[in-house]
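Just so it is clear, the values below take in all heavy atoms, side chains as well, and ignore hydrogens, waters and symmetry mates.
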Amino acid sequence: MKSKILKGSIIAFILIIFLVSSVSAENKANEETKVLTLSKGGLVIKYPSDWGYSQAKSNYSIMSISKLDSIDSAGVGQVNINFEKKPIEGDFYTFVNSTYKSMQYDSSFKLISSGDSVIGDRQAVEYIYTSNQNGIEREHKAVWFEKGGQAYVLLYSAPINQFEQNLYVFDYILSDIQIT
């Protein structure tokens with residue numbers, strides 16, 4: 001009789017440990033998948049909580065987010081999405097295409113693809129390219145659109161070995177962005 005009670009107690013104890021660890025893992029998963037919102041410069045974005053606000057290198061930046069574990073001591077993310085707004089000089093498509101035309105002559109940049117795209121209900125232009133600066137090879141995906149005489153660009157950049165694994169965040173932001 002005592003051995004049956006002992007076996008029952010052991011089974012109950014194992015079940016309790018299993019349930020506690022399951023609840024703990026579920027809570028951790030919920031923390032990791034929390035969605036945050038950021039609104040600035042006429043854009044409202046949603047992004048995962050393992051990304052956060054970071055410093056941008058561009059003077060045209062209206063906001064920048066980075067994967068939290070990639071932010072360096074200067075506050076700049078090595079895996080980041082930068083949102084910029086620039087005044088358009090002339091035609092939108094000419095303005096955007098001229099930005100990348102000058103890259104043709106710089107051996108540290110390599111254009112992979114370009115073409116038309118859509119953000120929400122707006123026509124957009126997409127460029128994918130690589131760069132090599134200070135010995136670090138990075139891949140970039142830039143999506144441009146026009147609003148009110150301004151060119152907006154959403155630029156995702158990451159070291160080549162981290163580009164694909166984090167691209168889903170950029171794609172998610174593009175699919176859910178609100179332009180106010």
Q: Extract all donor-acceptor atom pairs below 3.5 Å that involve side chains of residues 96-104 and protein atoms in other chains or at least two apart in sequence.
A:
unit_1 : atom_1 : unit_2 : atom_2 : d
N97    : OD1    : Y127   : OH     : 2.3
N97    : ND2    : Y93    : O      : 3.0
S98    : OG     : T94    : O      : 3.2
S98    : OG     : F95    : O      : 2.8
T99    : OG1    : F95    : O      : 3.2
Y100   : OH     : W144   : NE1    : 2.9
S102   : OG     : T99    : O      : 3.0
Q104   : NE2    : K101   : O      : 3.3

Q: What pair of heavy atoms forms the shortest contact from L155 to A142, and how long is it?
A: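 The pair with the smallest heavy-atom distance is CD1-CB, 3.7 Å.
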Q: Under 4.5 Å between side-chain heavy atoms, hopping through other hydrophobics if needed: is there a path connecting F170 to L36?
A: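 Yes, F170 and L36 fall within the same hydrophobic cluster.
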Q: Measure the spacing between OG of S117 and CD of Q123 and express it to the nearest 0.5 Å.
A: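 Answer for the OG-CD pair, S117 versus Q123, is 8.5 Å.
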Q: For A56, enumerate each residue passing the side chain to side chain contact (heavy atoms under 4.5 Å, CB included) test, keeping only those at least two apart in sequence or located in another chain.
A: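 A56 satisfies side chain to side chain contact (heavy atoms under 4.5 Å, CB included) with S61, S64, N82 only.
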Q: For residues 171-180, dump all side-chain donor-acceptor pairs below 3.5 Å to protein atoms at least two apart in sequence or in another chain.
A:
unit_1 : atom_1 : unit_2 : atom_2 : d
D171   : OD1    : K141   : NZ     : 3.2
S175   : OG     : Y172   : O      : 2.8
T180   : OG1    : G42    : O      : 3.3

Q: I need the L154 CG to L43 CG distance, nearest 0.5 Å.
A: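 Output value for this atom pair is 6.5 Å.
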Q: Measure the shortest side-chain to side-chain distance between I112 and T130 over non-hydrogen atoms and say whether it is less than 4.5 angstrom.
A: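 Yes - at least one pair of side-chain heavy atoms lies under 4.5 Å apart.
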Q: Spell out, yes or no, whether L38 and I81 are grouped together once hydrophobic residues are joined by side-chain heavy atoms under 4.5 Å, including indirect joins.
A: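 Same hydrophobic cluster.
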Q: Checking S114 now: which residues fulfil side chain to side chain donor-acceptor pair (under 3.5 Å) with it, not counting sequence neighbours?
A: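 S114: no side chain to side chain donor-acceptor pair (under 3.5 Å) contacts found.
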Q: Before you tell me yes or no, could you show the steps for Y156 and V143 under side-chain contact (heavy atoms from CB on, under 4.5 Å), namely the whole-Å CA-CA distance, both residues' side-chain angles and the distance that decides it to 0.1 Å?
A: CA-CA 9 Å; Y156 165 58; V143 179; over 6 Å; no
Q: Going through the checks in order, is the side-chain contact (heavy atoms from CB on, under 4.5 Å) test met by T37 and I45?
A: CA-CA 6 Å; T37 302; I45 63 163; over 6 Å; no
Q: Return the minimal non-hydrogen interatomic distance between G77 and S66, and the atom names on each side.
A: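 Heavy atoms only, the tightest pair is CA-OG, 3.2 Å.
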Q: Between the main-chain N or O of Q133 and the side-chain N or O of R138, is there a donor-acceptor pair closer than 3.5 Å?
A: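 Judged by distance alone, no pair lies under 3.5 Å.
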Q: Which pairs pass salt bridge (Lys or Arg N to Asp or Glu O under 4.0 Å) with one or both residues in residues 116-125, sequence neighbours excluded?
A: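 For residues 116-125, and leaving out neighbouring residues, there are no salt bridge (Lys or Arg N to Asp or Glu O under 4.0 Å) pairs at all.
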Q: Return yes if a side-chain donor-acceptor contact under 3.5 Å exists between H140 and S131, otherwise no.
A: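 On atom types as modelled, these side chains qualify, holding a pair under 3.5 Å.
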Q: Under the 4.5 Å side-chain heavy-atom rule for ILVMFWY, direct or indirect, which residues accompany I71?
A: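 Cluster partners of I71: L68.
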Q: When you group the ILVMFWY residues by side-chain heavy-atom contacts below 4.5 Å and let the links chain together, are L111 and V153 in the same group?
A: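 In one cluster: yes.
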Q: Checking one residue: Y60. Which other hydrophobic residues are in its cluster under the side-chain 4.5 Å linking rule?
A: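 Members besides Y60: none; it forms no cluster.
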Q: Assigning hydrophobic clusters by single linkage (Ile, Leu, Val, Met, Phe, Trp, Tyr; side-chain heavy-atom cutoff under 4.5 Å), is I88 placed with I62?
A: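 I88 and I62: separate clusters.
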Q: Could you give the side-chain donor-acceptor pairs of residues 158-168 under 3.5 Å, partners two or more places apart or in another chain?
A:
unit_1 : atom_1 : unit_2 : atom_2 : d
N166   : OD1    : K67    : NZ     : 3.2
N166   : ND2    : Q162   : O      : 2.9

Q: Taking the side chain as every heavy atom from C-beta outward, state whether V79 and W51 have any pair of such atoms under 4.5 Å apart.
A: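 Answer yes - side chains close enough.
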Q: Tell me the salt bridge (Lys or Arg N to Asp or Glu O under 4.0 Å) pairs involving residues 36-46, sequence neighbours left out?
A: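 Every pair satisfying salt bridge (Lys or Arg N to Asp or Glu O under 4.0 Å) with a residue in residues 36-46: there are none.
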Q: Mind checking the OG-CD spacing from S70 to Q78? Nearest 0.5 Å is all I need.
A: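 Answer rounded to 0.5 Å: 6.5 Å.
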Q: Report the residues that fulfil side chain to side chain donor-acceptor pair (under 3.5 Å) with S108, sequence neighbours left out, ordered by chain and then residue number.
A: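 Per chain and number, S108 pairs via side chain to side chain donor-acceptor pair (under 3.5 Å) with D106.
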Q: So which pairs with a foot in residues 76-85 pass salt bridge (Lys or Arg N to Asp or Glu O under 4.0 Å), sequence neighbours left out?
A: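 Listed once each, the pairs are E84-K86.
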Q: Using the ring pair (Phe, Tyr, Trp, His ring centres under 6.0 Å) criterion, which residues pair with Y152? Sequence neighbours excluded.
A: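 Applying ring pair (Phe, Tyr, Trp, His ring centres under 6.0 Å) to Y152 gives F145.
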